[in-house]
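Structure first, commentary second.
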Amino acid sequence: MSLKSLLKGSVGPLDNDSRFLLDVHSRQLPGEETMCSYDDDDEVDLVIVGAGAGGSVLAQRLARAGWRIVILEAGPFWHPDDDWVSDEAGSHDLYWTQKRIIGGDDPIELGKNNSGRGVGGSMVHYAGYTPRFHPSDFDTYTRDGVGADWPIDYEDLRPHYERVERELPVAGQDWPWGHPHSYPFSPHPISGAAQKLWHGAHELGIEMRVGPVGIVNGTFGNRPHCIYRGYCLQGCKVNAKASPYVTHLPDALAHDVEIRADSMALRIEIDDDTGRALGVVYADRDARRMQRARAVAVAGYSIETPRLLLASTSRRHPHGLGNGDDQVGRYVMVQGATQSAGRWPEELRMYKGPPPEISSEQFYETDRSRGFARGFSIQTVSPMPIGWAEHVLADGHWGRALREYMRDYNHWATIGVLNELLAHPDNRITLAEDTDPYGQPVARMDYTLTDNDKANMAYSTKVIGDILDAADAQDVLTIGRFAHLVGGARMGTAPEHSVVDADHRIWGVPNVFVADGSVCPTQGAANPALTIMALASRLADRMRTLGG
């Protein structure tokens, strides 16, 4: 038996002390009150726009290397002991709910499951599910004739996947799909609801695994074991669930990073003579300020990052920063995320556990006999009561029938899919005529499904329906929905079909980088959080090499 196996669950990450910096008696972000402070005119080494998955990892890595860094975050500092509540409605402020315009043949609802607003980003309210992308996701065009090939491959990210998995840390069974691997922490126990769905999958020959989730199973520094309270999507009150708030920002602040909350980035200022960025103009409540910097990294995610780049016009970039070839905002992708719920006579209490308890990637890769390219993953999910009401309403029930379904909540279990939907240039972010409270044009997102997307979603919906039937569910409700975002500033080998190069640097702008999921050329059928963090970790290595 290897030493790593003997020490499983106790081997922490190198060069990141966040788990020890947390206070066992408080859930607040350590270092907020004592963090470093820089002047606007003080040219720092790096300004990062966004304190989410990408921006926080990048800041922590480069701060450890001695970089002087300011993070601009549009939302507030959270104080979990006061702000995060065991209440779905009371958690509304965690989400980016400012006005956005949607269009296309299949408009995508933009709300709580798409992006976050506040220090820690959308991982504050994600479900905790942290799978890797597969090696095939990096060359779908070569393999399957769809999507696009990345300018990097799986092996470029593999050491960063492994490093981030230790930092979160990830708990789960050994993973047989994609690039087979194990996880630092053992899997969590599963609920009766997950057991029902596992049985149904087993009857159909569908292999399931527990996890992977970025949720502590045991103790990890000053972070406690998960208490299975069920409110992962509303902010983890005990700090068991991984998010940048507990995994990277404490260490970043301890190494002289400054986070300016409630600071909305408005544009990146460009020196038209040199072509280099000078810094970022932002709104600090009613004031307009500019933080000077040697380099800028945009980590606002797949709506706000294209929006900021398009708003950053100048003589050199009259149509937006990096948009000389009309690529900014294009190739935005979501995932199909249909969910089906089944009822059983006994109480199952599906909320008592991490929302993604068991999962399968058996259908992840292309199988042409199904009638479409690429595939989907399967995950258990556990909507809380308001989310459950949305399921019931989507199935056409209201009034007395709705009330009866709500009373019956504890007898239901839910299973969902994540479909890989293909990149298309007309699925894009543009600037609308409407403006926000800062006078900035709001984002417009147009989305249309391809025939391949529709075939993928139809097939996967039948599969999870079959699982419920095989598990002897008495009644079934199905809701069509979408989740996650990537794309909009994708990486590539030439500016004619991408926004950034393999080092995340905007074409033609030597000191502006993009550090979030908008650089992804494909979506995969995996939740993107872990990949975004791994990409930011790799980018930090590249920026140290490039020198900003």
Side-chain angles (χ1 to χ4, degrees), residues 102-110 113-114 131-154 177-178 301-303 306 326-338 361-378 416-430 445-463 480-493 496-500 517-528 531-532 535:
I102 58 175
D105 292 344
D106 303 288
I108 302 298
E109 179 184 2
L110 298 176
N113 68 334
N114 298 113
R132 301 180 187 181
F133 278 15
H134 284 205
S136 66
D137 289 319
F138 295 84
D139 56 359
T140 62
Y141 186 78
T142 296
R143 290 175 185 251
D144 299 316
V146 297
D149 291 349
W150 295 48
I152 63 174
D153 60 26
Y154 178 85
W177 299 289
Y301 208 21
S302 290
I303 295 178
D326 191 27
Q327 293 299 297
V328 173
R330 292 190 182 275
Y331 300 102
V332 171
M333 290 160 279
V334 297
Q335 289 171 323
T338 299
E361 291 180 347
Q362 187 167 314
F363 299 89
Y364 197 105
E365 307 290 350
T366 294
D367 180 345
R368 290 292 182 179
S369 69
R370 301 178 197 144
F372 55 90
R374 304 304 294 158
F376 57 93
S377 60
I378 301 172
V417 298
L418 287 180
N419 305 94
E420 178 177 351
L421 306 185
L422 301 181
H424 192 281
D426 291 336
N427 290 340
R428 66 183 304 189
I429 304 297
T430 55
M445 178 172 167
D446 288 280
Y447 208 92
T448 300
L449 295 169
T450 66
D451 290 340
N452 193 89
D453 297 338
K454 294 173 183 177
N456 188 340
M457 293 171 67
Y459 188 98
S460 65
T461 300
K462 182 179 185 306
V463 169
R481 56 191 295 279
F482 299 90
H484 307 129
L485 285 164
V486 300
R490 71 174 180 173
M491 64 167 64
T493 56
E496 291 78 21
H497 53 73
S498 61
V499 177
V500 301
S518 60
V519 303
C520 297
T522 57
Q523 171 75 298
N527 308 55
T531 296
I532 292 169
L535 284 166

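Counting only N and O atoms by type, the side chains of Asp137 and Tyr364 include a donor and acceptor under 3.5 Å apart. Judged purely by distance below 3.5 Å, without hydrogens or angles, the side chains of Asn452 and Thr450 never pair a donor atom with an acceptor atom. For the residue pair His484/Gln523, the side-chain donor-acceptor check at 3.5 Å is not satisfied.
Considering all non-hydrogen atoms of both residues, Ser302 and Ile429 come closest at O-CG1, 3.6 Å. Residues Leu449 and Leu421 approach most closely at CD2-CD1, 3.8 Å, considering heavy atoms. Taking both residues in full, the closest heavy atoms of Val486 and Thr522 are given as CG2-O, 4.0 Å, listed atom of the first, atom of the second, then distance. In terms of heavy-atom proximity, Ala337 sits nearest to Leu418 at CB-CD2, 4.0 Å. The minimum heavy-atom distance between Gln335 and Ala526, with the atom names listed, is NE2-O, 3.1 Å. The shortest heavy-atom contact between Gly147 and Tyr141 is O-CD1, 3.8 Å.
Here the side chains of Trp177 and Glu365 are not in contact, with every heavy-atom distance at 4.5 Å or above. At a threshold of 4.5 Å between non-hydrogen side-chain atoms, the residues Ile102 and Tyr447 do not count as touching. Inter-residue side-chain proximity for Asn419 and Tyr459 is flagged as unmet; no heavy-atom pair is nearer than 4.5 Å. Residues Met445 and Thr430 fail the side-chain proximity criterion, which asks for heavy atoms closer than 4.5 Å. With a 4.5 Å cut-off on side-chain heavy atoms, His497 and Pro425 do not count as touching.
Annotation: the span from Arg330 atom CZ to Asp446 atom CG amounts to 10.5 Å, rounded to 0.5 Å. Atoms CE and OG, on Met491 and Ser498 in that order, are 9.5 Å from each other to the nearest 0.5 Å.
Note: Phe376 and Phe363 have parallel aromatic rings, judged against thresholds of 30 and 60 degrees for the angle between ring planes.
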